[in-house]
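Order of appearance sets the numbers: ligands from 1, and atoms from 1 within every ligand. Small disclaimer: the values here were computed from a predicted structure and weren't measured. Just so you know, these numbers use all the heavy atoms, side chains as well, and skip hydrogens, waters and symmetry mates.
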Amino acid sequence: MLPEIPTGRLVLRPVVPDDLPVVTRLIGEYDVAKMLSLVPHPYSLSDAKAWYGLNAAKVENGERAFAIDNGDGLIGVMSVGRPVDEPEFGYWLGKDYWGRGFATEAGRAALGWLFETTPATTIMSGALNENPASLKVLKKLGFGDEKPYLLPIRAHGEKLPGTRVRLHRDRFLSASGAW
Ligand SMILES: CC(C)(COP(=O)(O)OP(=O)(O)OC[C@H]1O[C@@H](n2cnc3c(N)ncnc32)[C@H](O)[C@@H]1OP(=O)(O)O)[C@@H](O)C(=O)NCCC(=O)NCCS
């Protein structure tokens, strides 16, 4: 179901079982996990296997989660959510890969794929207020309608203040131009 999408410097592709040790190592870093809602810390290979079991490309109602691959292998994951009315956009990159525009580049391609190939008209996302890099990525991709909310963060074991945002198909197309 999920295709391979070249983005310029990266390729989005289905996650495969051989990726799971790398997923475990990269998302196991506290600085990554502490920004994500559902990710336990510490993170084990069995956590990665459980996530993959629910979300492998062939699972019809799973997250549509792409591996972000830089040519040497998986460097992060980007999901356009489950196939429901308002799917949820989420992403993370291993710490060594931050600060090079990769999340924005991968996001344009993943959302372009979603709006091009499915009838979805909106997608939801959100980030902690202490995560300005992620809030900036969402803004660059065209997300808006900001609302405050409390985001449960499993690695902290508490809810923290965040900003909930929504992307409309039209706003994405005008924010990103051709993808
Ligand atoms: C959030 C994350 C995916 C961003 O990835 P990235 O590839 O570094 O993002 P990009 O380079 O595409 O864009 C980041 C933007 O935020 C800006 N930025 C980075 N740190 C910032 C900070 N502390 N304050 C303000 N802006 C910041 C960058 O300058 C860039 O904006 P620019 O293009 O205008 O220069 C990455 O940091 C990550 O994986 N973090 C841990 C997991 C996570 O937070 N996931 C998202 C959960 S909502």
Side-chain angles (χ1 to χ4, degrees), residues 5-13 15 19-20 22-43 47-48 51 55 63-82 86-114 122-167 171-172 174-177 179:
I5 308 173
T7 72
R9 296 176 294 171
L10 307 165
V11 177
L12 301 181
R13 60 161 177 83
V15 178
D19 291 320
L20 298 181
V22 180
V23 168
T24 305
R25 180 167 55 81
L26 298 182
I27 212 173
E29 282 216 53
Y30 185 63
D31 285 345
V32 177
K34 74 177 187 184
M35 299 297 183
L36 299 169
S37 190
L38 300 174
V39 173
H41 185 81
Y43 194 90
D47 293 316
W51 169 77
N55 296 306
E63 269 179 53
R64 291 161 293 187
F66 290 96
I68 305 172
D69 192 315
N70 68 351
D72 291 328
L74 180 146
I75 63 166
V77 170
M78 177 157 276
S79 164
V80 294
R82 294 175 196 286
E86 279 199 321
E88 183 83 23
F89 180 55
Y91 45 86
W92 59 268
L93 285 169
K95 214 176 161 182
D96 287 348
Y97 307 100
W98 296 2
R100 291 183 239 173
F102 286 162
T104 307
E105 178 175 327
R108 287 206 175 104
L111 293 164
W113 173 80
L114 179 78
T122 56
I123 183 164
M124 302 298 294
S125 194
L128 291 177
N129 294 341
E130 65 182 67
N131 193 355
S134 187
L135 290 168
K136 186 95 185 269
V137 168
L138 292 168
K139 194 163 191 179
K140 285 193 287 180
L141 292 171
F143 281 83
D145 304 343
E146 290 92 354
K147 288 200 180 83
Y149 77 144
L150 284 175
L151 184 56
I153 300 290
R154 195 156 157 201
H156 282 278
E158 61 180 328
K159 292 185 178 176
L160 296 173
T163 301
R164 189 85 171 130
V165 289
R166 171 185 281 121
L167 177 65
R171 206 186 288 152
F172 170 73
S174 57
S176 64
W179 58 280

- request: Could you check atom 12 (O) of ligand 1 against the protein and tell me its nearest heavy-atom contact, residue, atom and distance included?
  value: Thr104 OG1, 2.6 Å

task: Please write down residue, atom name and distance for the protein heavy atom closest to atom 26 (N) of ligand 1.
output: Pro132 CB, 4.3 Å

task: Distance to 0.1 Å, residue and atom name: give those for the protein heavy atom nearest to atom 30 (C) of ligand 1.
output: Lys140 NZ, 3.9 Å

field: Residue pair Val137, Tyr91: steps toward the side-chain contact (heavy atoms from CB on, under 4.5 Å) verdict
entry: CA-CA 10 Å; Val137 168; Tyr91 45 86; 4.1 Å; yes

task: Answer whether the closest heavy-atom distance between the side chains of Leu135 and Lys139 falls below 4.5 Å.
output: no

task: Report yes if the side chains of Met35 and Trp92 come closer than 4.5 Å at any heavy-atom pair, otherwise no.
output: no

statement: Trp92 heavy atoms within 4.0 Å reach ligand 1 at atoms 39 (O), 42 (C)

- request: Without swapping roles, check the side chain of Trp98 against the backbone of Leu93 for a donor-acceptor pair under 3.5 Å.
  value: yes

- prompt: If only atom types and distance count, is the side chain of Arg164 paired as donor or acceptor with the main-chain N or O of Pro148 below 3.5 Å?
  reply: no

field: Leu138 side chain reached by Thr163 side chain, heavy atoms, under 4.5 Å
entry: no

message: Taking 4.0 angstrom as the limit and counting only heavy atoms of Val137, give me the atoms of ligand 1 inside it, by number and element.
response: 9 (O), 10 (P), 12 (O), 13 (O), 14 (C)

query: Under a heavy-atom criterion of less than 4.0 Å, does Lys95 contact ligand 1?
result: no

Heteroatom proximity flag, Gly99 to ligand 1, N/O under 3.5 Å: yes

Lys159 side chain near Pro152 side chain, heavy-atom distance below 4.5 Å: yes

query: Does a sphere of radius 6.0 Å around NZ in Lys140 hold more than 12 heavy atoms from other residues, nucleotides or ligands, not counting ones at 6.0 Å or beyond?
result: yes

- request: Please could you name the atoms of ligand 1 that Leu36 approaches to less than 4.0 Å, counting only its heavy atoms?
  value: 45 (N), 47 (C)

message: Could you work out, for atom 10 (P) of ligand 1, the closest of Gly162, Gly101, Gly76, Ser37 by heavy-atom distance?
response: Gly101

query: What is the closest protein heavy atom to atom 46 (C) of ligand 1, and at what distance does it sit?
result: Tyr91 O, 3.2 Å

- prompt: In the protein, which heavy atom is nearest to atom 4 (C) of ligand 1, and how far is it?
  reply: Ala103 CB, 3.9 Å

field: Under-4.0 Å heavy-atom contact between protein and atom 38 (C) of ligand 1
entry: yes

Greater than 12 external heavy atoms within 6.0 Å of Leu150's CG: yes

query: Which protein non-hydrogen atom lies closest to atom 44 (O) of ligand 1, naming both residue and atom, and how far is it?
result: Asn131 ND2, 2.7 Å

query: What protein heavy atom sits nearest atom 19 (C) of ligand 1, and how far off is it?
result: Ala133 CB, 3.5 Å

- request: Answer whether the closest heavy-atom distance between the side chains of Leu10 and Asn70 falls below 4.5 Å.
  value: yes

task: Ignoring angles and geometry beyond distance, decide whether Met35 reaches within less than 3.5 Å of ligand 1 through its nitrogen or oxygen atoms.
output: no

task: Run the salt-bridge test on Glu105 and Arg100 with the 4.0 Å N-O cut-off and return the result as yes or no.
output: no

- prompt: To the nearest 0.1 Å, how far is atom 29 (O) of ligand 1 from its closest protein heavy atom, and which atom is that?
  reply: Lys136 NZ, 4.6 Å

- prompt: Going by heavy atoms, is Gly126 under 4.0 Å from ligand 1?
  reply: yes

statement: Under 4.0 Å from one or more heavy atoms of Ala127, ligand 1 contributes atoms 48 (S)

